[in-house]
Amino acid sequence: MKKILITALIAISCIFSGCQSTSIEENKNIEVRGITPKISLITTAYDIYRINVLLPGVFNEELYEKPGKDSLDYYSWAGKTYTSMNNDMKIKLRNIFKDYGDWTYIDKTIALEDDASVEDITNAINEGLSLDESMKSDVELFFNYFYNEYFKDLMYKNKSKINKSVKEANKFIEKNDIDIFSFMEKSSGIKFKKDYKALFYYDISPIGAMGFDVDNYKISTIQPNTDSKTLLQTPFHEYSHELFRSFTSSKEFSDINNELLKNEELAEGYDLLGKTAYDWTGWCEENLVNGFAEYLSYKFYGKKSNDSLYTYDLEFCNYLIEKDFNPEKTSLKDISIEFYKSKM
């Protein structure tokens with residue numbers, strides 16, 4: 001169960017692309033960029049925390065073996081890095097992530113320029129969050145230390161490989177004239193709130209992906225081993241959250257959530273991993289979102305995974321396929337509720 005649940009978070013690494021701004025060229029619907037410290041400085045620090053402190057029994061060697069050698073090397077690096085840190089910096093690392101995950105911090109840094117300095121990053125965090133003076137000091141001191149002692153070398157070690165992936169991904173997008181939002185709207189029957197442009201950033205962290213909205217840009221981090229054959233899989237997930245949140249706060253969905261508390265399989269998954277990132281409604285949504293993302297990948301690429309990442313994601317994907325889901329006949333809300341009722 002641990003392996004099944006956590007693999008859902010897999011995301012992989014990329015390196016600084018040289019882009020200086022969040023803005024996308026007017027004629028582009030999607031742009032892919034390499035690693036930027038405003039994201040990966042924080043995700044790699046959080047990985048060190050959760051591998052060595054938060055959930056070492058879950059974020060373990062077996063988990064990092066699945067994506068491949070680079071992921072396993074990263075896991076080894078995270079362990080050695082934590083061991084080599086001085087005790088004062090270990091305490092600061094624990095303090096920083098004790099109450100906040102990486103998403104909370106990156107939400108405050110994501111609108112910065114791609115070449116933002118460590119000072120820019122720590123200022124954005126300290127000005128954007130209600131932290132006490134001691135925590136603000138920890139943020140400033142730790143991230144400067146971590147960048148200079150560890151992250152800078154890790155980033156440039158991966159630069160050449162990731163920049164090559166960025167170029168190939170952007171060529172694929174340009175050649176195929178992909179409109180991810182139109183495809184998702186047509187497949188779901190739900191309109192996005194804005195006329196978004198898509199922006200993908202490669203991340204160094206091999207476990208975990210995140211989504212953010214900045215003005216009319218919808219941003220997704222993507223895995224380091226992502227290529228043109230898998231380019232949209234993670235954004236399908238991150239972008240689908242907005243579609244599902246058009247109805248997951250409804251009374252009908254809330255009623256189903258309450259009934260699902262009696263579902264032992266879903267509750268087991270929530271107790272193991274979900275509580276570290278979601279409330280119960282968020283956990284129920286996450287299973288559907290990942291299943292729908294897999295369904296979108298099946299529709300777009302003509303193939304799907306046979307591995308379940310959460311408790312019911314693969315089952316929901318298969319349910320949509322078996323029911324020949326057509327949003328013109330049945331809403332995504334109705335078929336989601338119908339699916340969960342079949343699990344009660």
Side-chain angles (χ1 to χ4, degrees), residues 2 5-6 8-11 36-61 63-64 74-112 116 118-152 154 203-212 221 267-283 286:
K2 289 181 180 179
L5 290 170
I6 301 288
L9 301 174
I10 289 184
T36 167
K38 71 180 183 182
I39 294 173
S40 294
L41 178 67
I42 299 167
T43 57
T44 52
Y46 186 64
D47 277 350
I48 290 170
Y49 172 75
R50 66 181 179 181
I51 286 171
N52 295 282
V53 180
L54 182 62
L55 291 168
V58 176
F59 289 87
N60 55 25
E61 185 174 5
L63 174 65
Y64 282 84
Y74 176 88
Y75 173 77
S76 177
W77 170 84
K80 291 176 181 177
T81 296
Y82 184 74
T83 299
S84 67
M85 284 181 180
N86 66 56
N87 286 334
D88 182 50
M89 289 301 164
K90 287 180 180 177
I91 292 171
K92 295 184 188 309
L93 173 69
R94 293 178 184 224
N95 287 342
I96 289 169
F97 292 116
K98 180 180 65 174
D99 296 321
Y100 298 108
D102 49 355
W103 188 93
T104 301
Y105 290 113
I106 297 171
D107 186 49
K108 304 306 176 186
T109 65
I110 192 66
L112 294 172
V118 180
E119 182 180 6
D120 293 331
I121 292 167
T122 57
N123 284 343
I125 291 171
N126 286 339
E127 292 170 6
L129 292 173
S130 299
L131 306 177
D132 61 31
E133 292 305 314
S134 176
M135 182 67 81
K136 288 180 179 180
S137 176
D138 284 351
V139 166
E140 182 178 351
L141 292 172
F142 175 80
F143 281 117
N144 274 281
Y145 164 82
F146 180 61
Y147 177 86
N148 289 306
E149 295 296 323
Y150 304 104
F151 179 80
K152 186 165 55 175
L154 179 69
D203 188 16
I204 292 179
S205 171
I207 306 293
M210 290 173 284
F212 304 89
T221 61
E268 181 184 356
Y270 182 61
D271 289 339
L272 180 62
L273 175 64
K275 284 183 179 178
T276 66
Y278 315 100
D279 58 19
W280 179 251
T281 297
W283 178 243
E286 189 72 10

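Since the structure is predicted, the reported quantities are computational estimates derived from the model, not experimental observations.
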Requested in this report: Could you label the plane-to-plane angle of the Tyr49 and Phe97 rings as parallel, tilted or perpendicular, counting under 30° as parallel and over 60° as perpendicular?
Outcome: tilted
Query raised in the report: Parallel, tilted or perpendicular: which describes the rings of Phe142 and Tyr145, with under 30° parallel and over 60° perpendicular?
Result: tilted
Provide the closest heavy-atom pair for [X] versus [Y] in the form atom of the first, atom of the second, distance.
| X | Y | answer |
| --- | --- | --- |
| Ala124 | Leu112 | CB-CD1, 4.0 Å |
| Phe143 | Ala45 | CE2-CB, 3.9 Å |
| Arg94 | Tyr82 | NH2-OH, 2.6 Å |

Tell me, do [X] and [Y] make a side-chain contact under 4.5 Å, heavy atoms counted?
| X | Y | value |
| --- | --- | --- |
| Trp283 | Lys275 | no |
| Met210 | Thr43 | yes |
| Tyr147 | Ile121 | no |
| Lys90 | Val53 | no |
| Met89 | Leu93 | no |

Query - Glu286 and Tyr278: side chain donor to acceptor below 3.5 Å - result: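 Side chains of Glu286 and Tyr278: pair found under 3.5 Å.
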Report task. Test Thr109 against Ile39 for side chain to side chain contact (heavy atoms under 4.5 Å, CB included), laying out the working first. Result -> CA-CA 7 Å; Thr109 65; Ile39 294 173; 5.8 Å; no
Please round to the nearest 0.5 Å and tell me the distance separating atom [atom1] of [X] and atom [atom2] of [Y].
| X | Y | atom1 | atom2 | result |
| --- | --- | --- | --- | --- |
| Ile48 | Lys80 | CD1 | NZ | 13.5 Å |
| Lys108 | Lys38 | NZ | NZ | 15.0 Å |
| Glu140 | Ile125 | CD | CD1 | 11.0 Å |
| Leu63 | Phe59 | CG | CZ | 6.5 Å |
| Ser137 | Asn95 | OG | CG | 10.5 Å |
| Asn60 | Ile51 | CG | CD1 | 9.5 Å |

Query - Ser84 side chain vs Thr81 backbone, donor-acceptor pair below 3.5 Å - result: yes
Query - Option passing side-chain hydrogen bond (donor to acceptor under 3.5 Å, both in side chains) with Ser205 (candidates Asp102, Asp47, Thr44) - result: Asp47
Requested in this report: Taking the six-membered ring for Trp and the full ring for Phe, Tyr or His, determine whether the centres of Tyr105 and Tyr46 are under 6.0 Å apart.
Outcome: no
Requested in this report: Determine whether the aromatic ring centres of Trp103 and Phe212 lie less than 6.0 Å apart.
Outcome: yes
Report task. Pick out which of Ile106, Thr104, Ile96 makes a side chain to side chain contact (heavy atoms under 4.5 Å, CB included) with Ile42. Result ->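 Filter result, single survivor: Ile106.
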Query - Salt bridge flag under 4.0 Å for residues Asp132 and Lys136 - result: no
Query - Criterion side chain to side chain contact (heavy atoms under 4.5 Å, CB included) on Ser40 and Phe151, from CA distance to verdict - result: CA-CA 9 Å; Ser40 294; Phe151 179 80; 3.8 Å; yes
